[in-house]
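Notes to accompany the following structure.
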Amino acid sequence: MKYLFILLLFVSGTAMAQKDSLPYIKVLGIAQDGGYPHAGCAKACCEQAWKDAGKRRFVTSLALVDPASNKWWLFEATPDITEQLHYFRQLTGGRYRYLPDGIFITHAHIGHYAGLMQLGREVMNTKDMPVYVLPRMKTYLENNGPWSQLVSLNNIRLTALQVAGKDMKSGFMGQTLADGILVSAFQVPHRDEFSETAGFHISLRSRQYLFIPDIDKWEKWDNSIIDMVAAVDVALLDATFFADGELPGRSISEVPHPFVSETMRLFSTHTARPGLGSRIHFIHFNHTNPLLRDPKTRKEVTKQGFHLAEQGEDL
Ligand SMILES: [Zn+2]
Ligand SMILES: [Zn+2]
Ligand SMILES: [Zn+2]
């Protein structure tokens, strides 16, 4: 009896140690490019967040953490990068290097890459920080200041990611970061003024993740978001706006995104594959999105099995 107890302790101890060494994703921010509260907003949407610092949220960013190799990688260099690097250190108790082992960036809209400026001579003066981007984004950073100075002074070392084939049926060609950790990029339709826009497929041993913080509309894409979500365990998807009419006095067609209400409808009416919605974690909330503050709207979404990404959570 005593031996059985010791054996059980040993087995559960080993399982726990294994679980502790598995790679995972940590959410470092959930807001749209402008953060929450938003510059210049004196409306009801940001009122509580101005008053109460606890209600503020950083711009969308993820950490890929690998306890086995003691390494971590940052997804998006946001305008909140100063806070987010410190936040990551606090959440992980200083176990990892202060700076990530590499940075993946989706596109050249300010919320996704402007934080690179903190890597330059004026601040951290990093040496050869690996930065992974799509080819047009690489050319953009190399040829436009102040980013070009990060390249010429070797603060960052750019790698152009190969884009997965159009139908993605042939699988992903990715960047192997550590044992069992593979990140692949694919292109999504978005307002591509300075760069194309990437989405990422993150493969962590037996768990697969999808990260699409910005896309115009699902129907503009020649891939099926239903098939993409069906192929992963966790899909972090664009939730910029909850529904039409959210930007008074401004046409939403200038800044198209799939409304959360549309994505919910798409997945709840797709009866051929029920339950896929529970893999979706909405992220990249605009300050106007009631999901940032209104419990009733939040419940409407979670009641149907969808998740809302939370700053600081592990996935
Ligand atoms: Zn964005
Ligand atoms: Zn606001
Ligand atoms: Zn964008």
Side-chain angles (χ1 to χ4, degrees), residues 28-29 33 59-64 71-82 84-85 99-168 170-178 181-203 209-216 220-223 236 238 284:
L28 299 181
D33 301 43
V59 177
T60 296
S61 171
L62 309 174
L64 190 179
K71 290 183 173 177
W72 74 285
W73 294 267
L74 182 67
F75 283 75
E76 310 291 36
T78 86
D80 291 327
I81 193 171
T82 304
Q84 283 167 319
L85 291 175
L99 289 176
D101 292 276
I103 304 177
F104 288 81
I105 292 175
T106 54
H107 67 302
H109 281 159
I110 63 149
H112 303 262
Y113 81 109
L116 285 177
M117 65 187 182
Q118 302 290 349
L119 274 62
R121 194 176 245 175
E122 303 90 325
V123 191
M124 292 191 284
N125 196 30
T126 58
K127 290 279 162 286
D128 290 321
M129 169 65 72
V131 174
Y132 303 94
V133 292
L134 291 186
R136 204 180 135 210
M137 177 80 185
K138 179 170 181 276
T139 308
Y140 168 73
L141 294 172
E142 284 166 343
N143 293 297
N144 294 279
W147 324 111
S148 51
Q149 186 175 288
L150 299 172
V151 179
S152 61
L153 295 180
N154 298 315
N155 297 127
I156 62 174
R157 183 162 39 81
L158 293 169
T159 297
L161 292 164
Q162 299 262 13
V163 185
K166 258 212 159 131
D167 63 358
M168 292 181 218
S170 47
F172 294 104
M173 319 199 302
Q175 198 74 28
T176 301
L177 299 176
I181 299 184
L182 183 79
V183 176
S184 319
F186 50 87
Q187 206 177 322
V188 301
H190 190 41
R191 299 173 284 111
D192 294 341
E193 300 94 339
F194 299 118
S195 74
E196 68 286 77
T197 301
F200 290 114
H201 181 271
I202 305 166
S203 180
Y209 301 75
L210 198 62
F211 179 45
I212 308 180
D214 261 304
I215 185 166
D216 280 4
K220 277 209 213 165
W221 197 19
D222 42 21
N223 277 285
L236 290 139
D238 182 341
H284 194 271

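Worth saying up front: this structure is predicted, and the values here are computed from it rather than measured.
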| message | Measuring only between side-chain heavy atoms, which start at C-beta, is Lys71 closer than 4.5 Å to Trp73? | response | yes

| message | Checking side-chain polar atoms at under 3.5 Å, does Gln175 have a donor or acceptor matched by the opposite partner on Thr159? | response | no

| query | Could you give all pairs that pass the side chain to side chain donor-acceptor pair (under 3.5 Å) test and reach residues 116-131, with sequence neighbours left out? | reply | Asn125-Asn155

| query | Who are the ring-ring contact (aromatic ring centres under 6.0 Å, His included) partners of His107, not counting sequence neighbours? | reply | His109, His112, His190

| said: Would you say that Leu85 contacts Met124 through its side chain, given a criterion of any heavy-atom pair below 4.5 Å between the two side chains? | reply: yes

| field | Beyond-backbone contact of Phe104 with Leu177, side-chain heavy atoms, under 4.5 angstrom | value | yes

| request: Kindly assign one of parallel, tilted or perpendicular to the pair Phe211 and Phe75, based on the angle between their ring planes and the thresholds 30° and 60°. | output: perpendicular

| request: Given side chain to side chain contact (heavy atoms under 4.5 Å, CB included), test Ile212 with Leu236 step by step and report yes or no. | output: CA-CA 6 Å; Ile212 308 180; Leu236 290 139; over 6 Å; no

| said: Does Glu76 form a side chain to side chain contact (heavy atoms under 4.5 Å, CB included) with Leu62? I'd like the steps, not just the answer. | reply: CA-CA 7 Å; Glu76 310 291 36; Leu62 309 174; over 6 Å; no

| request: With the side chain counted from C-beta on, respond yes when Ser61 and Leu74 share a heavy-atom pair under 4.5 Å apart, and no when they do not. | output: yes

| task | Could you please spell out the steps behind the side chain to side chain contact (heavy atoms under 4.5 Å, CB included) verdict for Ile81 and Leu119? | result | CA-CA 10 Å; Ile81 193 171; Leu119 274 62; 4.3 Å; yes

| message | List the residues meeting side chain to side chain contact (heavy atoms under 4.5 Å, CB included) with Pro189, not counting sequence neighbours, and say none if there are none. | response | Ile215, Lys220, Trp221

| query | Can you name the nearest heavy-atom pair linking Gly199 to Val188, along with the distance? | reply | N-CG1, 4.4 Å

| field | Heavy-atom donor-acceptor pair, Ser195 side chain to Ala108 backbone, under 3.5 Å | value | yes

| query | Which atoms form the tightest heavy-atom contact between Pro135 and Ala160, and what is the distance? | reply | CA-CB, 4.2 Å

| By side-chain hydrogen bond (donor to acceptor under 3.5 Å, both in side chains) - contacts of Asp80 (at least two apart) | none

| Nearest non-hydrogen partners of Gly111 and Asp33, listed with the distance | N-OD2, 3.0 Å

| message | Contact between Leu210 and Phe186 at the side-chain level, heavy atoms closer than 4.5 Å - yes or no? | response | yes

| message | Does any part of the side chain of Gln187, heavy atoms only, come nearer than 4.5 Å to the side chain of Thr197, both counted from C-beta? | response | no

| field | Leu158 side chain reached by Val151 side chain, heavy atoms, under 4.5 Å | value | yes

| Rounded distance (nearest 0.5 Å) linking atom OG of Ser148 with atom CG of Leu141 | 9.0 Å

| task | Please list, chain by chain and in numerical order, all residues satisfying side-chain hydrogen bond (donor to acceptor under 3.5 Å, both in side chains) with Gln84, sequence neighbours excluded. | result | Thr78

| said: Between Val131 and Leu116, is the side chain to side chain contact (heavy atoms under 4.5 Å, CB included) condition met? List the steps. | reply: CA-CA 10 Å; Val131 174; Leu116 285 177; 4.3 Å; yes

| message | Measuring only between side-chain heavy atoms, which start at C-beta, is Met137 closer than 4.5 Å to Glu196? | response | yes

| field | Which atom of Pro79 lies closest to which atom of Ala114, heavy atoms considered | value | CG-CB, 4.5 Å

| Do any pairs count as a side chain to side chain donor-acceptor pair (under 3.5 Å) and have a residue in residues 130-145, sequence neighbours left out, and if so which ones? | Tyr113-Tyr140, Lys138-Glu142

